[in-house]
Amino acid sequence: MLSHFCTTDNQRLEALGHTSTVSYAAEVARIVLQETGLLPHMNVGVMSREDVILLRRVSVSQGLMLESISEKLLEPGGPHYRCPDKHPSARLSSIAAAGEEKVPFTSGLLIGIGETREERLQALLALRNLHKQYGHIQELIIQNFRAKKGTAMAKAAEPPLVELEWTIAMARLVFGTSMSIQAPPNLTPTMTDGKEWKRLIDAGINDWGGISPVTKDWVNPEINFPMFFESLEILLQAPWPHVNLLAAATADAGRLMVPRLAVYPFYINDLWLDPTVLRRVLAHENSLGYARAEEWSPGLAQDAHSSFLEDKLSNLNGGSTGNHFDSVTNPAKISVGTDGTMHPTRAIGFQGMDVKRILKKIEEAVEPSEVEVTRLFRAMGPEFHDVVKAADELRARVNGEKVSYVVNRNINYTNVCGYKCQFCAFSKGKLSENLRGKPYSLSLDEVSRRAVEAWERGATEVCMQGGIHPEFTGETYMEILKAVKTAAPELHVHAFSPLEVFQGAFTLGVSVEEFLVELKNAGLGSLPGTAAEVLDDEVRRLLCPDKISTDQWLEVMETAHRIGLRTTSTIMFGHLDRSQHWARHLLRLRNLARNTGGFSEFVPLPFVHMQAPIYLKGRARKGPTSRECVLMHSIARLVLHPFITNVQASWVKMGPGGAQALLAAGCNDMGGSLMNESITRAAGASHGEELSPKEMETLILSTGKVPYQRTTLYGDAPAQQRIRAFSARPLT
């Protein structure tokens, strides 16, 4: 508590252990960043270069309004008289210092305080010159003056709406399409019917700035909205408009309102952000660089009565995407729909013609380009629903209403691995990260026992993969395979990732084809399409630098298909990858599938972040959002058609409810019952233990679809195995 003797600002700062306001602000920002998860944006006035450096360590961005370049405003009687910090040169110097120190920066103009239109243009050009030099201005604020009671300008005339529109339009023309331009919605002049906001959008803004659901605008606390808003019974004593209301007005103007961060996507990297700050930002962003805005992540447990995904995905093809907002009695609680927007937008006239054109092109069996697939991954609002609807209609034409699953068992025979994949929390060994769990390697007897137990419990498949043990050779993999086929000869062996195949062939000094032929002759039934992660070496260099390359993965798959071994295909997404990488991945799979016809299915695997090294090091996102998960499954259905006709929803990653919901987004398969699963659970997932056939079929039936127990290669499961599966007791 401050002593009552501290009567001046400096004394108060000294009592808090600071010599300046900037030092105090930096300390507050540090606490906020570390203890709340909120991302500080600092606007402390004119700054020295040292101030900028200090604040950069604890904030995602900084800001300082230029306001005006007119020096006449500093003259007696002017609004900036005796305000040295308002001198244009002082403000431009601070903005330049931020550019030199690579700080994402916000600036802008305050109009209607005595400047001319020409002077506004001069101010915009001055800011543009600095931005051309440093590239650091992430957004411009065009703010209109509002008179305040108790100030010398209390009776000064306020600029009309047309002046605000003109200045916004000039800013757009001066800075072009790449600059974000905002106008504070709570300061909009002459608000009468809400159409004024549309006029601002039409003038050129693309951003509303910061809108608080819990605090009022302390700079402009006295400004309130007119009666037509109050009739909606929304809390408007605080001058910020209710987020729901603003989202609706934005939608009426033909735009979608989405939440962003206090730092723009272009600047979310280690060039522009301090490493301590960057890790916090990555935890809050989605693949587009906007705000994640949801608590759910792949692998997190879901409450059966209030499941995030079940609520949000239950009506993907309907008019609602879940409750975007709590009632107006709780305006502080904000939710974002699975479609990525902050307002239900199915009924508005938003036109995503490029998305409709791409979907039409795919419907006509024309292969989409990388740019077009990337564009589909950016779909939100009505575009999102168009993509999902097209995918599910295609699923219905290809697969009907039948939803398949396989009774299988995972056997992860070792977690010892010499590779350093940054996403993997499963592997242990001298070269691995310091992760939970102990190293192990199963004996051949234990592998055999588990295989026999799986067969007796109704399984038709055993899926086997493990770490790349430095002592394993191709002969080791052959021994594991033979152990299973000897113990349970009728069990289909779906085993060995392309990395294991590549490693096995290398250790034996034979070609990949020769090794695969040996495995096939020994009883290998098919290969899992894991170790793909993202088939783009730009990602792989950071995510799994010592793993096989994209071309090597594709080579193993092509070789397997050529000798008659079918394989699955996967993608592990939502970490440090972006939508363009996903597009390349899908198109590479499509190309190979068209040439070989050897892929049985496609399995999207959302990144589970909780124990992953790359997330714990602050270099990855918290997995894909619900919107990204839905789009991955839907877009895969569209892009891979007609060469891969089965799309699987991973209940291990998504949770049973999430996987169930994806059956309305283009998926026709629920994967395996597993019996055991180690890899995803090692990453922190709550799901992965057995989902019994009865539970699987109950989930499928609840969607109105028909369950179908299949084999690995989509044949009918033997009747005897089906009986065993339904009568099997839980594993202990």
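Sequence positions, counted from 1, serve as the residue numbers for this chain. Since the structure is predicted, the reported quantities are computational estimates derived from the model, not experimental observations.
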J.: Test your reading of the model: is there a side-chain donor-acceptor pair from R627 to the backbone of A379, 3.5 Å cut-off?
T.: yes
J.: Hey, could you give me the CD1/CG distance between I548 and L554, rounded to the nearest 0.5 Å?
T.: 9.0 Å
J.: Start with the C-alpha distance between F472 and V416, add both sets of side-chain angles, then the distance that settles side-chain contact (heavy atoms from CB on, under 4.5 Å), and finish with yes or no.
T.: CA-CA 10 Å; F472 280 20; V416 176; over 6 Å; no
J.: Would you sort out whether T712 and E461 count as a side-chain hydrogen bond (donor to acceptor under 3.5 Å, both in side chains), showing the intermediate values?
T.: CA-CA 7 Å; T712 305; E461 169 198 304; 2.7 Å; yes
J.: Between H585 and T570 (side chain of the first, backbone of the second, donor and acceptor by atom type, cut-off under 3.5 Å), is there such a pair?
T.: yes
J.: Okay, side chain of W651, backbone of S673: is any donor-acceptor separation there less than 3.5 Å?
T.: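 Flag not set: sc W651 to bb S673 has no pair under 3.5 Å.
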J.: Does this structure show an ion pair linking E285 with R292, if we count only N-O contacts that are shorter than 4.0 Å?
T.: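 No.
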J.: State whether the side chain of N521 and the backbone N or O of E518 hold a donor-acceptor pair below 3.5 Å, judged by distance alone.
T.: no
J.: Using modelled atom types and a 3.5 Å cut-off, is there a donor and acceptor pairing between side-chain atoms of E628 and backbone atoms of N286?
T.: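 Not confirmed, E628 side chain does not pair with N286 backbone.
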J.: Is there a side-chain contact (heavy atoms from CB on, under 4.5 Å) between R562 and T596 once you walk through the steps?
T.: CA-CA 7 Å; R562 188 171 65 249; T596 68; over 6 Å; no
J.: For V630, is there any backbone N or O sitting under 3.5 Å from a side-chain donor or acceptor partner on H633?
T.: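 A pair under 3.5 Å: no.
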J.: Could you measure the distance from the CG atom of L589 to the OG atom of S569? Nearest 0.5 Å is fine.
T.: 5.0 Å
J.: Below 4.5 Å, heavy atoms only, C-beta onward: do R540 and L535 meet side chain to side chain?
T.: yes
J.: Pick one: which of H494, H561, M557 meets side-chain contact (heavy atoms from CB on, under 4.5 Å) with L527?
T.: M557
J.: Are L691 and L699 packed together at the side-chain level, in the sense that at least one heavy-atom pair is separated by less than 4.5 angstrom?
T.: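 Sidechains of L699 and L691: in contact.
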J.: Verify side-chain hydrogen bond (donor to acceptor under 3.5 Å, both in side chains) between T550 and D537, making sure each step is shown before the conclusion.
T.: CA-CA 6 Å; T550 295; D537 288 339; 2.9 Å; yes
J.: Is there side-chain contact between H469 and T476, with at least one heavy-atom pair below 4.5 Å?
T.: no
J.: Using atom types as modelled and distance alone, determine if a side-chain donor or acceptor of R566 lies under 3.5 Å from a backbone N or O of S526.
T.: no
J.: Please tell me whether Y714 and E601 have a donor and an acceptor in their side chains that are separated by less than 3.5 angstrom.
T.: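 Yes.
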J.: Do the charged groups of E446 and R449 touch, with an N to O distance under 4.0 Å?
T.: yes
J.: Taking only Lys NZ, Arg NE, NH1 and NH2, and the carboxylate oxygens of Asp or Glu, determine whether E453 and R457 approach each other closer than 4.0 Å.
T.: no
J.: Do the side chains of R637 and D392 get close enough for a salt bridge, i.e. N-O under 4.0 angstrom?
T.: no
J.: Any donor-acceptor pair under 3.5 Å linking the side chain of R621 with the backbone of H575?
T.: yes
J.: Do N408 and V462 have side chains that get closer than 4.5 Å, going by heavy atoms?
T.: no
J.: Set out, in order, the CA-CA distance, both residues' side-chain angles and the distance that settles salt bridge (charged side-chain N to carboxylate O under 4.0 Å, His left out) for E401 and R395, then state yes or no.
T.: CA-CA 8 Å; E401 297 306 306; R395 184 273 313 156; 3.1 Å; yes
J.: Decide, yes or no, whether a salt bridge links E690 with R409 under the criterion of side-chain N to carboxylate O below 4.0 Å.
T.: no
J.: Go through it in stages, so that I can follow the logic: the residues are T473 and T507, the test is side-chain hydrogen bond (donor to acceptor under 3.5 Å, both in side chains), and I'd like the CA-CA distance, side-chain angles, deciding distance and then a yes or no.
T.: CA-CA 5 Å; T473 67; T507 59; 4.7 Å; no
J.: Pick out which of L376, I635, L394 makes a side-chain contact (heavy atoms from CB on, under 4.5 Å) with I362.
T.: L376
J.: Can you give me the closest heavy-atom contact between A505 and S511, atom names plus distance?
T.: CB-O, 3.7 Å
J.: Which value, rounded to the nearest 0.5 Å, describes the distance between F515 atom CZ and T559 atom OG1?
T.: 13.0 Å
J.: Within the structure provided, determine whether F726 and K694 are in side-chain contact (heavy-atom separation under 4.5 Å).
T.: yes
J.: Okay, side chain of N646, backbone of S600: is any donor-acceptor separation there less than 3.5 Å?
T.: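 Judged by distance alone, yes, a pair lies under 3.5 Å.
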J.: Once you round to the nearest 0.5 Å, how far does OG of S441 lie from CG of N412?
T.: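 Spacing of OG (S441) from CG (N412) equals 12.0 Å.
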J.: Under 4.5 Å between any side-chain heavy atoms of E500 and Q465, yes or no?
T.: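 The answer is yes; the side chains approach within 4.5 Å.
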J.: Quick one: does D716's side chain get under 4.5 Å of Y708's, heavy atoms only?
T.: yes
J.: State plainly whether the residues E533 and K547 are in salt-bridge range, i.e. N to O under 4.0 Å.
T.: yes
J.: Would you call E514 and K520 a salt bridge, using N to O less than 4.0 angstrom?
T.: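 K520 and E514: not salt-bridged.
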J.: Just wondering, do E456 and R724 contact through their side chains at under 4.5 Å, heavy atoms?
T.: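 Contact flag for R724/E456 side chains = no.
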J.: Using a 6.0 Å cut-off, check whether atom CZ of F506 has over 12 heavy atoms from anything other than its own residue.
T.: no
J.: Hey, does the side chain of Q552 reach the backbone of S549 with a donor-acceptor pair shorter than 3.5 angstrom?
T.: yes
J.: Does a salt bridge link K622 with E294, judged by any charged N lying under 4.0 Å from a carboxylate O?
T.: no
J.: For R588 and N591, test the side chains for any donor-to-acceptor distance below 3.5 angstrom and give the result as yes or no.
T.: no
